[in-house]
Amino acid sequence: MKFFTRLYPKTITSQTLAIMSFVLLVAQLINLAILVGEHRLRAKANLVESASENVARTLSRIPNLDRIQIPFELRRREIGDGRAFISTTSRANLINADLRLASYESKAKQTLEKYGIRHESLQLTLVPANSRYSYELQKQEAQDVRRPPRKSFRGPRGKGPPPKARKPSVNPSEAHLMVSIQLGANRWFNAIIPHPPMEALTPRILAATTTLFIITLVSLMFFMRRITRPLSKFTEAADEFGRGQEPSQLSEDGPADIRQAAQAFNRMQRRLTRTIETQNTMLRAVGHDLRTPLTSLRIRSEMIPDNDQREKFIATINDMSLMTEEILSWSKNTSSIEPLAQVDIHALLTSIVSDFSDQGHNVVLCTNTGVILNIRRLSLKRAITNVIGNALKYAGMARVSYHIADDRFSIFIEDDGPGIPEEKIDDAIKPFVRLEPSRNKKTGGTGLGLSITETILHTDGGKLVIENKRPTGLRVTLSLPV
């Protein structure tokens with residue numbers, strides 16, 4: 001099932017081509033079946049018409065047809081390549097009535113009447129090749145040729161030595177047209193005429209159909225690519241804008257609806273850019289302006305004589321300073337000014353884990369595979385450090401691993417701590433949200449760590465996933481597109 005899912009077309013162009021290919025294929029197959037059927041009907045009608053003319057002409061040349069002694073066999077040249085004879089029975093009765101060509105009999109009767117051939121009934125039957133009916137005709141003919149010869153209306157008069165038995169003319173591997181005409185009571189004219197092979201029309205139609213199919217698909221592909229090219233530009237522009245790169249304006253040309261969509265996208269991009277720039281400028285200004293008074297307050301707090309009050313006052317100022325720095329860092333990460341670079345992920349994670357280990361923390365790297373990715377190194381390092389820092393605060397340990405699957409690179413940071421209640425997992429990523437009671441104030445922080453991590457990942461098209469382990473512990477997944 002997964003294999004067929006991968007084969008399923010993903011883009012508009014490929015899906016349209018797949019649908020049109022299927023529709024064209026079905027339509028051409030139906031058209032081919034109709035054309036071949038019409039050709040077969042026309043060939044059958046021509047065969048019946050030619051055979052009727054041949055039989056009527058042959059009968060019109062036989063003198064005293066009513067007084068011919070039965071059985072009477074015509075020479076082969078009188079009926080073309082077939083065999084004809086007059087007998088007391090109808091050879092058509094040897095064949096299944098379902099094979100009878102009743103719709104052509106009226107035309108054959110008109111041909112007989114045109115030549116003045118009196119008859120009581122007429123039967124036309126098409127004998128398929130290699131059918132049991134063709135073998136019945138061969139068997140019957142084999143019995144006929146062993147009989148003593150009768151005079152032909154063109155044959156020599158008088159008696160003579162009987163000719164040698166000849167090979168039956170009915171070939172079971174060929175289709176035959178069986179014509180049986182009742183000339184009178186117990187008097188039937190039977191003609192067995194080989195059905196000539198049909199002209200090979202199907203290969204020509206297949207060649208024409210294939211050519212038309214290819215021309216249609218190539219034309220459709222050309223126009224579909226022309227239609228979807230603006231969509232590709234939309235995707236690239238949206239992806240660049242989402243990654244925080246310098247926004248590029250879409251060309252406002254093409255069909256009216258595409259042009260209007262490009263104009264609307266450009267307007268939206270300009271508005272969002274102004275909004276983000278205004279927000280970042282305001283945050284940086286607020287953070288910068290707060291540093292000076294906080295520094296002044298910290299100096300003055302040292303002069304408070306009461307030790308308890310002085311420590312509480314200094315702790316509050318430290319929290320405000322930390323929050324200010326976090327806000328400035330968050331603003332910097334949302335602006336995404338760091339360029340992309342080729343980074344050895346294993347070396348980066350080894351460096352991060354070593355830094356924590358040197359500080360006496362229990363952090364272990366469980367994967368040892370070289371992976372090179374085009375990422376923002378400092379931003380990703382900050383994101384990983386934030387998650388590991390949270391694991392150390394609330395579990396006292398962290399295990400780090402990574403792998404690549406389905407065109408995505410994922411980093412797993414696990415701990416054996418208390419985890420997060422399922423209903424509060426989404427809240428853990430929100431800015432300035434600190435979960436209680438498991439994440440109490442003793443652990444410090446401002447509630448921006450996971451929010452900054454998610455912002456960094458979203459900038460590069462990644463995502464942050466938080467899930468509880470069983471029985472205890474938390475797993476945080478940082479995934480990025482490869």
Side-chain angles (χ1 to χ4, degrees), residues 1-3 5-6 326 333 345-371 373 375 379-482:
M1 182 63 68
K2 197 172 184 180
F3 173 76
T5 303
R6 290 182 178 178
E326 291 286 355
N333 279 293
I345 296 297
H346 180 73
L348 175 63
L349 291 176
T350 301
S351 173
I352 295 173
V353 170
S354 297
D355 291 342
F356 279 104
S357 298
D358 292 343
Q359 298 173 22
H361 297 298
N362 182 14
V363 181
V364 180
L365 179 60
C366 303
T367 310
N368 186 18
T369 304
V371 177
L373 293 181
I375 60 173
S379 297
L380 182 61
K381 183 177 182 180
R382 175 70 184 277
I384 297 172
T385 302
N386 285 346
V387 178
I388 294 178
N390 279 347
L392 293 176
K393 290 176 185 177
Y394 309 118
M397 53 79 62
R399 289 185 299 273
V400 183
S401 60
Y402 59 90
H403 81 285
I404 295 180
D406 299 330
D407 297 330
R408 294 193 73 86
F409 172 74
S410 300
I411 300 175
F412 305 100
I413 300 174
E414 300 176 330
D415 63 53
D416 297 330
I420 300 176
E422 294 291 339
E423 65 275 8
K424 293 185 177 181
I425 287 180
D426 292 337
D427 294 335
I429 306 176
K430 295 178 180 178
F432 304 107
V433 174
R434 304 179 70 255
L435 302 180
E436 298 293 345
S438 61
R439 307 209 168 216
N440 52 65
K441 197 167 183 177
K442 293 180 181 179
T443 60
T446 61
L448 281 174
L450 292 180
S451 179
I452 292 174
T453 299
E454 185 185 42
T455 301
I456 293 172
L457 294 175
H458 280 182
T459 299
D460 291 320
K463 61 181 179 179
L464 178 68
V465 178
I466 302 175
E467 54 188 347
N468 286 308
K469 293 168 40 182
R470 295 292 181 269
T472 60
L474 194 71
R475 173 186 292 153
V476 180
T477 305
L478 295 77
S479 68
L480 291 168
V482 177

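By convention here, the first residue in the shown sequence is residue 1. As the structure is a prediction and not an experimental result, all values here were calculated from the model. Computation of the quantities below employed the complete heavy-atom set of this structure, encompassing side-chain atoms and omitting hydrogens, waters and symmetry-equivalent molecules.
- The aromatic rings of H403 and F412 sit parallel to each other, their planes meeting at less than 30°, with 60° as the upper class boundary.
- Residues N468 and I425 form a side-chain contact, since some pair of their non-hydrogen atoms from C-beta on lies under 4.5 Å apart.
- The structure places CD of E467 at 11.5 Å from CD1 of I420, a figure rounded to the nearest 0.5 Å.
- Residues D415 and M397 are in side-chain contact: their nearest non-hydrogen atoms beyond the backbone lie under 4.5 Å apart.
- Two residues are said to be in side-chain contact when any heavy atoms from C-beta on lie closer than 4.5 Å; L480 and L380 meet this criterion.
- Summarising the geometry, atom CG belonging to L478 is positioned 10.5 Å from atom CD belonging to E454; distances are rounded to the nearest 0.5 Å.
- At least one donor-acceptor pair under 3.5 Å links the side chain of T455 to the backbone N or O of S451.
- Between the CD1 atom in I413 and the CD1 atom in I384 there is a gap of 6.0 Å [rounded to 0.5 Å].
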Evaluation steps, side chain to side chain contact (heavy atoms under 4.5 Å, CB included), between I404 and T369 | CA-CA 10 Å; I404 295 180; T369 304; over 6 Å; no

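- Taking CD1 from I388 and NZ from K381, the interatomic distance works out to 10.5 Å, rounded to the nearest 0.5 Å.
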N/O donor-acceptor pairs under 3.5 Å from side chains in residues 354-366, not counting sequence neighbours:
{"unit_1": "S354", "atom_1": "OG", "unit_2": "T350", "atom_2": "O", "d": "2.7"}
{"unit_1": "S357", "atom_1": "OG", "unit_2": "V353", "atom_2": "O", "d": "2.9"}

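- Taking all atoms of both residues into account, the shortest heavy-atom contact from R408 to G462 is NH2-CA, 3.6 Å.
- Heavy-atom neighbours of K469 NZ from other residues, nucleotides or ligands within 6.0 Å: above the threshold of 12.
- Here CZ of R382 is found 4.5 Å from CD1 of I452. Values are rounded to the nearest 0.5 Å.
- The distance from atom CD1 of I352 to atom OG1 of T385, rounded to the nearest 0.5 Å, is 4.5 Å.
- Under a 3.5 Å cut-off, the side chain of T367 and the backbone N or O of Y402 do form a donor-acceptor pair.
- The shortest side-chain heavy-atom distance between N386 and N390 does not fall under the 4.5 Å cut-off.
- Here the closest heavy-atom approach between residue S410 and residue T477 is recorded as CB-CG2, 4.1 Å.
- Of all heavy-atom pairs between R475 and E414, the closest is NE-OE2, 2.6 Å.
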